[in-house]
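As structure tokens, the structure follows; a few thoughts come after it.
In this text the structure is predicted, and so the values were computed from the model without any measurement. Labels below follow one simple rule: chain letters A, B, ... track the order of the sequence lines, proteins then strands, and each chain is numbered from 1.
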Amino acid sequence: MNGNDITALGFRGKAIGLALDAARERAKTGVTNRDVLTELAHVQHHPESFTDDPDYAALARELLGQLAKVPDALRDRPLAYRQWGEDLIEEGARAQMDTAMRLPVSVAGALMPDAHFGYGLPIGGVLATDNAVIPYGVGVDIGCSMKLSVLPIEQLSREEEARLLRRNTRFGAGGSWERKVRPDHDVLDEDTWDEFPLLRQLRDKAAEQIGTSGSGNHFVEFGTLTIDRPDLGLEPGEYVALLSHSGSRGFGAQVAGHYTRVAQNLHPKLDPEARKLAWLDLDREEGEAYWTAMELAGRYALANHEVIHQRIAQTLKVTPLVTVSNSHNLAWKQRFSDGREVVVHRKGATPAAHGQLGIIPGSMADPGFVVRGRGNPAALESASHGAGRQMGRKQAERELDRAAVTRYLEERGVTLLGGGVDEAPQAYKRIEEVIARQADLVDVVAKFTPRVVRMDTGKEDI
DNA sequence: ATGTGC
């Protein structure tokens, strides 16, 4: 019996020493170590039953004291937060943000103009917490991100662009590269994968899926980048560019699912309204492990993009003139305006620190924008991550017809490979309005106009 | 978002 056995049971602070003392007393009376551990587990789960126990009373009282100090009760009222583009944000997203701002661990928050209803924290929600990380504050697709490469080539034909996309990308839930042509990346060789069993188990899946895009709103597309003033090391003009949206695939999804369950189990008394926002303390083993896995998923997702862009650039025998990338589903440790370090969750929000570059896409047939952050502290240095849905997937499938989507694509000269009605441009807010609502969060650097777009095949093909 | 569930 030692301190490790005790902490493995989940005792914290003064309870560790008291549990050790009690364990020694019990051992003296001839109880086996194994039975002592069982008894300790009982005390931990039902401290109220041991307050008069000759050996465990001190421990039980300490545990009850700790419980009283760590209440999961929600605040009566949400902390105040600002919304950018309030007129574009649905009530459901505000209600979810209100719940998040009632969590005892919340410090500050903001809603971006693309905000809409999500799972737990709304998409387009930014939430700062104190020493706690919320798996569903990051989202299921941990590390979901954007990458743009500006290519030193003349305009290609649509057919050529379509061929490059078909040959060098793979889409769909469960999708992976065929074994013979499976790409590799340094991220798969990191020691981090050996840090604990869950990561070890997921490494093979991650290796199978590197360099792939998922389903839903993920895409890889060719288009034109238009720059009006010298920037990004480029002269004003029009450039051929490649833009991708992808995430951490099955690996990240499994990490998210696992730690959401862990967080919910650690907060059984949490108000059902906030159940999906269950958090992990960063100074406890579970929180540390999630943070490690989350950061790995973030690097893995960016590696995914790198592989996709590299394949296409190599086929074209070119090196990109410039690349821009950013994660928009992740948590970061960040200095808050009062000087303390907080955990900033961005669930569908672009980091926009002063001078930081990011990409805000529109839709399959609407422009996207390269932006530069203005470091606005009220938005916790964030911006929108896209246009944001104005219709849910089911609503889009119900209300939009394929002909209207096809016409929209034709009018804008966009060729679509795959794609579904649920991702129709009409299901999204107008990107121009969304960009206009965040002029104090980001400056527009360049505009990307899509031309040939590849996505997963939706439920209903276009 | 994910190839599948408290």
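Between Q264(A) atom CD and dG5(B) atom P the separation is 15 Å, expressed in whole Å. At whole-Å resolution of the value, CD in E208(A) and C1' in dT2(B) are 15 Å apart. For Q254(A) and dG5(B), the CD to C1' distance is 12 Å, given to the nearest whole Å.
You'll find the ring centres of Y136(A) and Y119(A) inside the 6.0 Å limit. Between H328(A) and H245(A), the ring center distance clears the sub-6.0 Å criterion.
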### Task
For side chain to side chain donor-acceptor pair (under 3.5 Å), just list the numbers for E306(A) and H185(A), CA-CA rounded to whole Å, side-chain angles, deciding distance to a tenth of an Å, and then say yes or no.
CA-CA 9 Å; E306(A) 275 179 30; H185(A) 191 283; 2.8 Å; yes

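A salt bridge links R203(A) to D194(A): at least one charged side-chain nitrogen sits closer than 4.0 Å to a carboxylate oxygen.
The shortest distance between the side-chain N/O atoms of K205(A) and the OP1/OP2 oxygens of dG3(B) is below 4.0 Å. Between R249(A) and dT2(B) there is a side-chain N or O to OP1 or OP2 distance below 4.0 Å. Residue Q209(A) places at least one side-chain N or O under 4.0 Å from the OP1 or OP2 atom of dG3(B). Here S248(A) does not reach the OP1 or OP2 of dA1(B): none of its side-chain N or O atoms lies under 4.0 Å away. Distances shown here put a side-chain N or O of N217(A) below 4.0 Å from the OP1 or OP2 atom of dA1(B). Taking only side-chain nitrogens and oxygens, R261(A) never comes nearer than 4.0 Å to OP1 or OP2 of dG5(B).
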### Task
For DNA chain B, produce a single dot-bracket line, 5' to 3'. Pairs: Watson-Crick or G-U wobble, both distances under 3.5 Å. Symbols: ( ) within strand, [ ] crossing, | other strand, . unpaired.
......

